[in-house]
Amino acid sequence: MDIKPIRTEADYHAALRDVESLMKAEFGTPDGDRLDVLATLVQAYEAKHFPMEVADPVEAIKFQMEQKGLTVKDLEPMIGRCNRVYEVLNRIRPLTLPMIWRLHKGLGIPAEALIQPPKRTAAV
């Protein structure tokens, strides 16, 4: 197996081409092992050079609502009455720790995203 570290953007693009060509490789075969190692190297390179920001809590909630076809009423068990849900979604009221726990458990939103301060705050 001739694999080298990914140090440059050219190395990165070459590794992506190799990964793409190996996507149908079976687990436990030499090609499957090569794919596993290359994917790990690509992931490490991407984490270092293209870090992803943690989602804004309100945007994460709205995204899950859209993806799961949820309404404000569906969030009431996790956030509180309808007016409280609207206050959170409009950035008037911050999430509390119990809300964060329930949203994490109920919607599967990473707790790390929910504990972030909102990117924009409403004018009071």
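Side-chain atoms are counted along with the backbone in the values below, which use heavy atoms only and exclude waters and symmetry mates. Nothing fancy with the numbering, it's 1 onward along the sequence.
Proximity of a side-chain donor or acceptor of Asn90 to a complementary backbone N or O of Ile92 within less than 3.5 Å is not detected.
Hydrophobic cluster membership for Phe27: none, as no Ile, Leu, Val, Met, Phe, Trp or Tyr side chain comes under 4.5 Å of it.
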Contacts table for residues 79-88: side-chain donor-acceptor under 3.5 angstrom, sequence neighbours left out:
unit_1: Glu87; atom_1: OE1; unit_2: Arg93; atom_2: NE; d: 2.7
unit_1: Glu87; atom_1: OE1; unit_2: Arg93; atom_2: NH2; d: 3.2

Distance-only donor-acceptor pairs under 3.5 Å for side chains of residues 40-50, two or more places apart:
unit_1: Thr40; atom_1: OG1; unit_2: Asp36; atom_2: O; d: 2.9
unit_1: Glu46; atom_1: OE2; unit_2: Tyr12; atom_2: OH; d: 2.6
unit_1: His49; atom_1: ND1; unit_2: Tyr45; atom_2: O; d: 3.1

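Minimum heavy-atom separation, Ala15 to Leu38: CB-CD2, 4.4 Å. Between Pro57 and Ala113, the closest heavy-atom pair is CG-O, 3.4 Å. Closest approach of Leu114 and Leu103 over heavy atoms only: CD1-CB, 3.8 Å. Of all heavy-atom pairs between Ala25 and Gly32, the closest is CB-N, 3.6 Å.
Here NE2 of His13 is found 13.0 Å from CG of Asp18. Values are rounded to the nearest 0.5 Å. Of the inter-residue distances, the one linking Lys73 atom NZ with Leu75 atom CG reads 11.5 Å to the nearest 0.5 angstrom.
The hydrophobic cluster containing Leu70 also contains Ile61, counting ILVMFWY residues as joined when their side-chain heavy atoms lie under 4.5 angstrom apart, directly or transitively. Both Met78 and Val72 are part of a single hydrophobic cluster, where members link through side-chain heavy atoms under 4.5 Å apart. Cluster annotation: Ile115 and Trp101 are assigned to distinct hydrophobic clusters (Ile/Leu/Val/Met/Phe/Trp/Tyr, side-chain heavy-atom contacts under 4.5 Å, transitive).
Under a 4.0 Å N-O distance rule, the pair Asp56/Lys62 does not qualify as a salt bridge.
Listed by first and then second residue, the side chain to side chain donor-acceptor pair (under 3.5 Å) pairs that reach into residues 63-72 are Gln64-Lys68, Thr71-Asp74, sequence neighbours excluded. Within the structure, no pair that satisfies the salt bridge (charged side-chain N to carboxylate O under 4.0 Å, His left out) test touches residues 100-112, not counting sequence neighbours.
Thr29 is linked by a side-chain contact (heavy atoms from CB on, under 4.5 Å) to Glu26, Asp31, counting only residues two or more places apart in sequence or in another chain. Every residue two or more places apart in sequence or in another chain was checked for a salt bridge (Lys or Arg N to Asp or Glu O under 4.0 Å) with Lys24, and none qualifies. For Leu35, the side-chain contact (heavy atoms from CB on, under 4.5 Å) partners are Val19, Leu22, Met23, not counting sequence neighbours.
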